[in-house]
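Values in this document were obtained by computation on a predicted structure and should not be read as measured data. We count residues from 1, following the sequence as given. Heavy atoms only: backbone and side chains are in, while hydrogens, waters and symmetry mates are out.
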Amino acid sequence: MDIHEYQAKQLLAEYGVRIAEGGLAYSPEDAVQRAREIGGDVWVVKAQIHSGARGKAGGIRVCKTHEEVWAAAEKLLGKRLVTPQTGPAGKVCLRLYVEAGAHIAKELYFSLLIDRSHERIVMVGSAEGGMEIEELAETRPQAIKKIHIEPAVGLQDFQAREMAFALGLDATQALHAVKIIQGSYRAMRDLDANMLEINPLIINNHGELLALDAKMSFDDNALFRRQRISELRDKTQEDPREMAAADRGLSYVGLDGDIGCMINGAGLAMATMDMIKLAGGEPANFLDVGGGASAERTEKAFRMVLADANVKAMLVNIFAGINRCDWIAEGVVQAVKNIDMKVPLIVRLSGTNVEQGRKIIADSGLPIIMAETLAEAAEKAVQARNAVVAAQQA
């Protein structure tokens with residue numbers, strides 16, 4: 001789960017990370033009032049969307065008068081910002097963060113990430129902040145410092161100091177940086193975050209360190225014990241199909257193709273999508289029904305997959321371990337009868353009670369296309385999709 005910049009800054013401030021004064025705005029009037037409250041003669045109006053590279057999309061405006069603040073807010077509110085991270089669909093800005101302007105002497109980069117290959121948190125820093133870390137990794141990888149943190153003992157003082165000096169700070173600045181690094185680590189550990197990024201972490205004209213931007217994401221599986229974090233979720237920034245599925249206890253990922261997929265297990269989902277692409281098709285989505293799928297749960301899953309108007313064929317691929325093929329088959333038959341499907345349905349069952357499951361589908365009398373192998377199922381799904389497209393074109 002991602003949160004907005006202003007939310008991440010509020011959390012980090014509680015752990016001793018210095019931030020510039022700022023306030024939230026939902027209208028141009030709010031934005032001007034926030035600027036008056038902050039004072040000074042320079043303000044930054046920032047679009048709050050779940051994406052980086054907002055500046056390149058025109059989502060960050062530096063203003064020197066209240067009139068400029070008003071104009072910037074009026075232009076940004078309701079605007080759809082398209083960045084490399086949002087994809088072509090972009091994200092709509094519905095709130096703004098108005099922040100005091102800062103005199104920047106130097107920009108740094110700092111982040112904490114989960115390194116799953118090492119089963120560690122990795123601390124990443126660079127003296128060259130304010131730019132895309134991916135771009136820096138490609139052009140000047142030697143400018144990036146990485147330090148892995150042993151989870152059994154946590155972040156050590158010497159590691160924080162090592163990172164501070166790797167950022168090119170003097171002794172006094174390093175002392176402040178150590179506090180920021182330690183506070184950031186505590187925030188990540190205490191709040192079950194899986195990513196924390198401050199880019200840029202700046203040194204202002206007084207030699208002070210400030211988090212000028214902040215991004216945090218959290219482990220969805222830990223939200224049940226982090227009610228405060230869960231309440232920060234902004235559903236307007238997420239795929240409505242994925243949110244609707246999550247609210248019903250289902251795992252859904254929307255894609256750009258036109259073959260819908262209902263599968264159990266993430267690994268099987270990856271293999272199924274690979275086989276569809278190998279057969280010449282493109283998956284529209286995949287929905288993981290998980291274990292213990294009842295007939296009612298299966299029907300819900302069908303409705304979620306078919307809610308995508310682009311779906312021209314649907315593939316059900318189930319390997320029953322915890323599940324049973326006869327349960328899935330009963331759910332498929334019930335769903336097809338209740339939904340009145342308008343697109344071809346291909347079903348491949350394997351595993352526990354597979355013969356009983358196939359018999360239930362065969363005896364239903366419904367126009368369901370059966371397949372025995374994954375390759376066969378993918379080929380039949382693509383063929384069915386092509387037939388639908390040809391019929392529509394005709």
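Not counting sequence neighbours, the partners of His118 by the ring-ring contact (aromatic ring centres under 6.0 Å, His included) test are His148. When the side-chain hydrogen bond (donor to acceptor under 3.5 Å, both in side chains) test is applied to Gln48, the partners found at least two apart in sequence or on another chain are Glu5. Take His50 and apply the ring-ring contact (aromatic ring centres under 6.0 Å, His included) test, not counting sequence neighbours, and it matches His4.
Applying the salt bridge (charged side-chain N to carboxylate O under 4.0 Å, His left out) rule to pairs touching residues 311-325 yields Arg324-Asp326, sequence neighbours excluded. Residues in residues 367-382 take part in these side-chain hydrogen bond (donor to acceptor under 3.5 Å, both in side chains) pairs, two or more places apart or across chains: Glu376-Lys380. The ring-ring contact (aromatic ring centres under 6.0 Å, His included) pairs that include a residue from residues 170-226 number zero, where partners must be two or more places apart or lie in different chains. The salt bridge (charged side-chain N to carboxylate O under 4.0 Å, His left out) analysis of residues 145-158, with sequence neighbours excluded, yields the pairs Arg120-Glu150, Lys145-Glu162. Within the structure, every pair that satisfies the side-chain hydrogen bond (donor to acceptor under 3.5 Å, both in side chains) test and touches residues 69-83, not counting sequence neighbours, is listed here: Ser51-Thr83.
Partner of Val124 under the side-chain contact (heavy atoms from CB on, under 4.5 Å) criterion, out of Ile144, Asp115, Leu112, Ile147: Ile144 alone.
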Result block: side-chain N/O donor-acceptor pairs under 3.5 angstrom for residues 329-336, not counting sequence neighbours:
| unit_1 | atom_1 | unit_2 | atom_2 | d |
| --- | --- | --- | --- | --- |
| Gln334 | NE2 | Glu299 | OE1 | 2.9 |

Using residues 356-370 as the side-chain source, report each donor-acceptor pair under 3.5 Å to any protein atom, sequence neighbours left out, with the distance given to one decimal.
| unit_1 | atom_1 | unit_2 | atom_2 | d |
| --- | --- | --- | --- | --- |
| Arg358 | NH2 | Leu349 | O | 3.2 |
| Lys359 | NZ | Asp363 | OD2 | 2.7 |
| Ser364 | OG | Ile361 | O | 2.6 |
| Ser364 | OG | Leu366 | N | 3.2 |

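Met275 shares a hydrophobic cluster with Leu278, Leu374; the chain of contacts runs through ILVMFWY side chains whose heavy atoms sit under 4.5 Å apart. Grouping Ile, Leu, Val, Met, Phe, Trp and Tyr by side-chain contacts under 4.5 Å, direct or through others, puts Val92 with Leu94.
The number of heavy atoms from other shown groups lying within 6.0 Å of CD (Gln392) is above 12.
Tyr109 and Glu197 are linked by a side-chain donor-acceptor pair at a separation below 3.5 angstrom, with hydrogens and angles left out of the test.
There is no path of hydrophobic side-chain contacts, each under 4.5 Å, that joins Leu212 to Leu196.
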